[in-house]
Amino acid sequence: MSETKGKIAVLTSGGDAPGMNAAIRAVVRTGISKGYEVYGVRRGYNGILNREMDLLTFHDVSEKLQHGGTFLFTARSAEFREEEGKKKAAAICKELGIETLIVIGGDGSFTGAKNLSKYGVNVIGLPGTIDLDIAYTDYTIGFDTAVNTAMEAIDRLRETSNSHERCSVVEVMGRSAGYIALWCGIANGAEQILIPEKFDNNYDKLIEEIKNNRASGMTHQIIVNAEGIGHSYGLAKKIEEATGIETRATILGHLQRGGSPTARDRVYASVMGAYAIDCIEKGKKNRLIGYKEGHVYDVDIEEAFQMTKSIDDYEYEVAGILGTRCEYK
Ligand SMILES: Nc1ncnc2c1ncn2[C@@H]1O[C@H](COP(=O)(O)OP(=O)(O)OP(=O)(O)O)[C@@H](O)[C@H]1O
Ligand SMILES: O=P(O)(O)OC[C@H]1O[C@](O)(CO)[C@@H](O)[C@@H]1O
Ligand SMILES: [Mg+2]
């Protein structure tokens with residue numbers, strides 16, 4: 001038997017995202033092929049604190065790629081948020097000989113990883129969140145699938161909204177970011193898009209625009225409302241009362257997080273998973289992996305946290321023009 005090059009552990013943390021399984025599979029198979037032992041940690045950071053991990057084989061990750069969710073389970077760990085929790089996790093990694101921890105998760109999970117690195121654990125992060133709210137990368141695992149799922153749901157909603165000549169408020173996820181809402185807004189040809197980064201809380205103007213749309217002959221309306229704005233039921237009531245148009249609210253909720261990952265999510269997650277192992281091979285420490293301008297790349301975790309990103313003004317402008325707002329300016 002040949003000597004192992006070292007122990008790597010991989011976990012998923014925060015909200016599950018379609019494509020996480022593809023990333024785990026790539027980490028495991030690339031890791032094994034380059035001579036490492038790869039451990040799968042269950043239930044996010046809790047799995048380290050509770051020592052819930054197993055050595056994974058090439059076969060353990062068969063038949064996972066095409067499924068949403070995460071077969072390692074995920075969690076939002078309250079204990080790990082505490083300083084004591086991080087110290088304990090670092091001590092356990094050291095005791096078990098885990099040199100590198102690969103964290104697949106969102107901004108919260110990366111904050112945890114950054115803090116853990118201070119205690120001497122080498123951390124490598126893969127962006128796994130449907131929210132796309134991570135500054136250093138143009139792509140996050142799961143966003144593409146979630147947007148496509150929401151888009152299909154909104155297509156269905158439009159048919160019933162159209163048949164009843166209603167106004168429909170549809171709320172999509174994204175936490176405090178409006179990326180899913182903006183993409184659905186464009187992909188579904190929404191009449192209005194409300195996102196936290198741009199909406200000025202001018203409900204009077206919104207209602208005026210809805211009335212004007214109707215007056216111009218529009219028989220129904222889709223308003224995509226981001227979770228970061230929320231209050232969709234209240235908004236629907238307000239619109240109905242102010243306009244007399246029958247209005248319904250639909251909150252898509254967690255169905256947006258499930259489902260078989262799209263080709264993009266499978267491919268990018270796989271490439272990033274393999275790249276994580278390449279970073280380890282090169283002796284890189286505390287890196288986050290992402291996509292910039294179409295290419296996979298890695299960045300220092302501290303540097304990544306200094307970066308900011310914002311909604312693309314041009315995309316938002318296009319969304320407005322392709323809705324109906326332009327007629328009334
Ligand atoms: N400041 C922090 N310090 C230590 N750990 C943290 C911190 N913030 C978050 N974490 C850890 O990361 C976990 C996941 O974070 P969070 O719930 O924000 O989800 P996320 O990784 O951003 O993913 P998503 O937003 O897609 O659900 C938390 O439950 C916690 O264990
Ligand atoms: O699954 P939970 O804990 O209800 O979290 C929901 C949140 O997680 C996400 O789905 C992913 O961050 C957000 O869009 C949403 O705000
Ligand atoms: Mg997050």
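As the structure lists them, so they are numbered: ligands from 1, and atoms in each ligand from 1. Just the heavy atoms: all of them, side chains too, but no hydrogens, waters or symmetry mates, feed the values below. Residue indices begin at 1 and follow the sequence shown.
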Would you confirm whether Asn122, through its side chain, and Asn286, through its main-chain N or O, come within 3.5 Å as a donor-acceptor pair?
-> yes
Do you know how many protein N, O or S atoms are within a distance smaller than 2.8 Å of the Mg ion (ligand 3)?
-> 1
From Ile104, Val10, Thr137, residue fulfilling side-chain contact (heavy atoms from CB on, under 4.5 Å) relative to Leu126 | Ile104
Check against side chain to side chain donor-acceptor pair (under 3.5 Å), Asp155 and Asn188 = CA-CA 7 Å; Asp155 279 345; Asn188 293 101; 3.1 Å; yes
Counting only heavy atoms not in Glu63, do more than 12 fall under 6.0 Å of its CD?
-> no
Exactly which residues line ligand 2, taking a heavy atom under 4.0 Å from it as the test?
-> Arg76, Ile130, Asp131, Met173, Gly174, Arg175, Glu227, His254, Arg257
Is the side chain of Ser270 donor-acceptor paired with the backbone N or O of Ala26 at a distance under 3.5 Å, no angle test?
-> no
Please state whether the rings of Tyr139 and Tyr291 are parallel, tilted or perpendicular, taking 30° and 60° as the class boundaries.
-> perpendicular
Do you know which of Lys86, Lys94, Glu83, Lys87 makes side chain to side chain donor-acceptor pair (under 3.5 Å) with Tyr119?
-> Glu83
Any donor-acceptor pair under 3.5 Å from Arg158 side chain to Gly189 backbone | yes
Within one Ile-Leu-Val-Met-Phe-Trp-Tyr cluster: Met20 and Val267, side-chain cutoff 4.5 Å = yes
More than 12 non-hydrogen atoms from neighbouring residues, nucleotides or ligands closer than 6.0 Å to NZ on Lys118, yes or no?
-> yes
Lys309 side chain to Asp133 backbone, donor-acceptor under 3.5 Å | no
By chain and number, the residues contacting ligand 1 below 4.0 angstrom (heavy atoms only) are Ser13, Gly14, Gly15, Tyr45, Arg76, Ser77, Phe80, Arg81, Lys86, Gly106, Asp107, Gly108, Ser109, Thr111, Gly112, Asn115, Thr129, Asp131, Arg175
With sequence neighbours left out, which residue pairs that include part of residues 246-275 fulfil the salt bridge (Lys or Arg N to Asp or Glu O under 4.0 Å) condition?
-> Asp16-Arg257, Arg166-Glu246, Glu246-Arg248
Is atom NZ of Lys238 surrounded by more than 12 heavy atoms (other residues, nucleotides or ligands) closer than 6.0 Å?
-> no
